[in-house]
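Sequence lines set the chain letters: A, B, ... in the order given, protein chains first and strands last, and positions in each chain run from 1.
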Amino acid sequence: MSNIIECNGLTKFYDGFCALNGLNLQIPDNGGIVGLLGPNGSGKTTLIKLLTGLLTPSGGEAKIGGHEIGVETKAIVSYLSDAHSLKNDYTVKQQLEYFEDFFSDFDKEKALQMLRELGILETKKIKTLSKGTKEKLSLILTLSRNAKLFILDEPIAGVDPAARDYILQTILSHKRENATMLMSTHLISEIEQYLDYVIFLKEGTLVLQGETNAVREREGKTIDELFREVFRWI
Amino acid sequence: MDIMQTTALPETDYKNGKLRTVRGRMLKKLFKYEWKVFLPALIICGSILAGLTLFICFFSRTGVELLFSEDPNAPIMNYPATTVLGAILTLVLYMVTLMATVFVPFGVSINRYHKNFFKEEGYLTFSIPASMEEQILAKHLSGMLATLLSMAASVLSVLLVVLCISVNGEPLPPVTEPVVNPVSEFFLGLEDLILGVEIFVAIFTVSGALTCWEQKFMKKSQIFLRVFLGYIAFMVLETIYVFFVEFGVFDFFYTTLVGAHVWNVLKILFVAGIITFSVWYELRVLKTKLNLK
C-alpha cells in the first residue's frame, strides 16, 4: 500500500527553538482517520503547517502522495486551520464561490445542504457570524471538497460539548470513504473510538505510531490511557 | 499508483501538456478576486472625481477663476462670501479627491498584500493550488494597473479643469511648450512619466519592507537584507531629493539637456532595479522562508 504522507528527517526551528526534530513518518493511504496526538507544544500544528505548505522546513522533506509540497499537493489536500482564515468582508455566498473557483473538487451542493441544516444564511456577512458559527462554516467548506487528504487542526478544541458532538458527527457523516483524514487533537477520549491510526508526538519527535487496534492490543491499554501515561506530568 | 493520476483535478493535470492552460486559468481567477476589490474603490473615487470636475467646469467656474485672479480691480472681497467660500471648499474637496484617486489603489494594493499573505487570511491564500509566482504576479500587476488607471483619470480631470477655467479673462497658458527638438522633448517628457511611475516603486518598496518585517529573520550575515534596507534608505533619500529639487539645488539636471538625459537613465535604472529586486526578494521569502504563525 502506498503512503499518503511521508516525512523524512523533517525538522523545523523557530528562532532557535526546535519544534520538530528530524521526524520520520509514513501514513498509509487506506482512507482511515488518523489521530495526530500530543499535548500542547508537541509539534502537531507545526507538522500540519509543513504539510500544507504554510511553513517551510528547516531540514528534511515532506511528501504527500509521493509529491513534494506545492501546487499539486494543495489541489488534493483540504485543510481546516486552527485560526479563523475566512474572508471577513465576504458573505457566506461569496466565500462559497471563492472555494468553488479555486478548488475544482469543491461540491457546492453539499456545502449548501450542510449550511441549510445549520440554518446559516448565505446572505450573511462572515464578520457578523459568531465564533462558533464561523468554525462550523470553516468545517463545512473543508468537508465539502472531494479531496484525497483532509487535514483538520484541532477541530474540537475550544468548543462546548454540544458543538463538539456536532463537529464530530459532521466529520464522520461527511468523510469520504477513500480519503484519509489527519486530525490533530489532545482530547483523546472524545475521538478515540473513531480513530483507525494513531501518531503520538512529544517535543517534536515521534513517540509512537500504528493502527489503533494493534496499539491497544500491544500495550493492553486504551489510547486515552496510553496518552496519559506517555504525557503524564512529571 | 500515483495519487495525482487518480484525482482527475485540473490543477494536477500537468502531464497532458495542459500546464499552461491550467496555470493561465488560475492566474485569471486570482486577477478576478483582486479586481473585485480594486474596481469598487476605483469606481467610487472616479465617480466623485468626475462629479467634482463637472461641478467645477459648469457651476463653480466663476468662483474658482476668482481665486486665481490677479486683477487688482477685482478684489476677492467684492464678491459674495458664499461664492468665495464655495470655491475654496470645492477646490479643497477636489484636491483631496484627486490625491485619494491616485493613492487609494496604492493603499488597497499594500493592504491586500499584507492581509492576504501575512495575516490569518494567509492560511486560505496559501492553501489554494496557486504558485507563489502567480500569487505575487496577480497582486502586483493588479496594483500597477489600478494605479495607472487612477493616474490617467486624475490627469484627465486636471486637464479638463485647466481647459475650463481661465485666469484674468485669459485661458491658462498651453500645458506644453512648442516642440523644438523632438528627441529632447521625448526625454524631458519621459521625466514626467517616470515621476508618475514612482508610485509603482512605492508599492514594491512597501510590499518588500512588509515581507521583511513579517518574516523577522534578519541576521547580520544576510547580505540581501542589508541591500534591501539600502533600498529603503535610498527611498528616504529620494524623498529628500524631491524637496531639494523644489529649491533648485539640482538645477543642472533640469537646465541642460545632457543632465536631463543622464537623470532619466538613472531614473529608469532605479525604477527597474527596485521592481526587480523587490519581486525577487518577495518570491524568495514566500517560497523558501514562509512562516505563517
Residue part contacting chain B, namely of A/N178, when any heavy atom lies under 4.5 Å: neither

Which bit of A/Y98 is near chain B, if near means a heavy-atom gap under 4.5 Å: side chain, backbone, both or neither? both

Below 4.5 Å from any heavy atom of chain B, which atoms of A/E97 appear? Answer side chain, backbone, both or neither. both

Pi-cation contact, B/F126 with A/K74 (under 6.0 Å, within 45°): no

Ring centers of B/Y33, A/F102 separated by less than 6.0 Å: yes

Can A/R145 be said to sit on top of A/F106's aromatic six-ring, NZ or CZ under 6.0 Å from centre and within 45° of the ring axis? no

Between A/Y197 and A/T180, does any side-chain donor sit less than 3.5 Å from a side-chain acceptor? no

Taking side chain as everything from C-beta outward and backbone as N, CA, C, O, which of these in B/K115 sits under 4.5 Å from a heavy atom of chain A? Side chain, backbone, both or neither. side chain

